[in-house]
Amino acid sequence: ANQENFYKGILDKKTFIPLGDLNTFNFDDLKKKIASVTIEKKRTLYENQSKLIDGLSGKRIKNIILQILLN
């Protein structure tokens, strides 16, 4: 259930191209699916991902660890 909620959350934010149920996905079509992604779509995905991933998680984790150690 947690993974499903996470999946739905990032799907709503349009941060990736869903492949659906991987148990039934035809991986022979994967190359075609990738080739169909336009430059504009890639740009939009990147912009949406950048809103969620700021690259500062390492710093935040370090600060949390330091707070725990120093208190």
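Since the structure is predicted, the reported quantities are computational estimates derived from the model, not experimental observations.
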Undergrad: Apart from Phe27 itself, which Ile, Leu, Val, Met, Phe, Trp or Tyr residues share its cluster (side-chain heavy atoms under 4.5 Å, direct or through members)?
TA: Leu19, Leu22, Phe25, Leu30, Ile34
Undergrad: Quick check for you: to the nearest 0.5 Å, what is the distance between Thr15 atom OG1 and Asn48 atom CG?
TA: 7.0 Å
Undergrad: Given a cutoff of under 4.5 Å between side-chain heavy atoms of I, L, V, M, F, W and Y, with clusters grown through shared members, what are the other residues clustered with Ile17?
TA: Val37, Leu45
Undergrad: Show the atom names and distances, to 0.1 Å, of all donor-acceptor pairs under 3.5 Å that link a side chain in residues 63-71 to residues at least two apart or in another chain.
TA:
| from | atom 1 | to | atom 2 | distance (Å) |
| --- | --- | --- | --- | --- |
| Asn63 | ND2 | Lys59 | O | 3.4 |
| Asn71 | ND2 | Gln67 | O | 2.9 |

Undergrad: Quick test of your reading: applying ring-ring contact (aromatic ring centres under 6.0 Å, His included), list the pairs with at least one residue in residues 48-69, sequence neighbours left out, ordered by first then second residue.
TA: none
Undergrad: Under a 4.5 Å side-chain heavy-atom rule over Ile, Leu, Val, Met, Phe, Trp and Tyr, are Tyr46 and Phe16 clustered together?
TA: no
Undergrad: Report, as yes or no, whether the 6.0 Å neighbourhood of atom NZ on Lys13 holds more than 12 heavy atoms from other residues, nucleotides or ligands.
TA: no
Undergrad: How would you list, by chain and number, every residue that makes a salt bridge (charged side-chain N to carboxylate O under 4.0 Å, His left out) with Lys8, sequence neighbours excluded?
TA: Glu4
Undergrad: Measuring from atom CG of Asp54 to atom CZ of Arg60, what distance do you get when rounded to the nearest 0.5 angstrom?
TA: 4.0 Å
Undergrad: With rounding to the nearest 0.5 Å, note down the distance linking CG in Asn26 to NZ in Lys33.
TA: 12.0 Å
Undergrad: With sequence neighbours excluded, what pairs up with Asp28 under the salt bridge (charged side-chain N to carboxylate O under 4.0 Å, His left out) test?
TA: none
Undergrad: Supply the atom-to-atom distance Tyr7 OH to Asp12 CG, rounded to the nearest 0.5 angstrom.
TA: 10.0 Å
Undergrad: Nearest 0.5 angstrom please: Lys14 NZ to Glu47 CD, how far?
TA: 14.0 Å
Undergrad: Following the transitive rule for hydrophobic clusters with a side-chain heavy-atom cut-off under 4.5 Å over Ile, Leu, Val, Met, Phe, Trp and Tyr, establish whether Ile53 and Leu56 coincide in one cluster.
TA: no
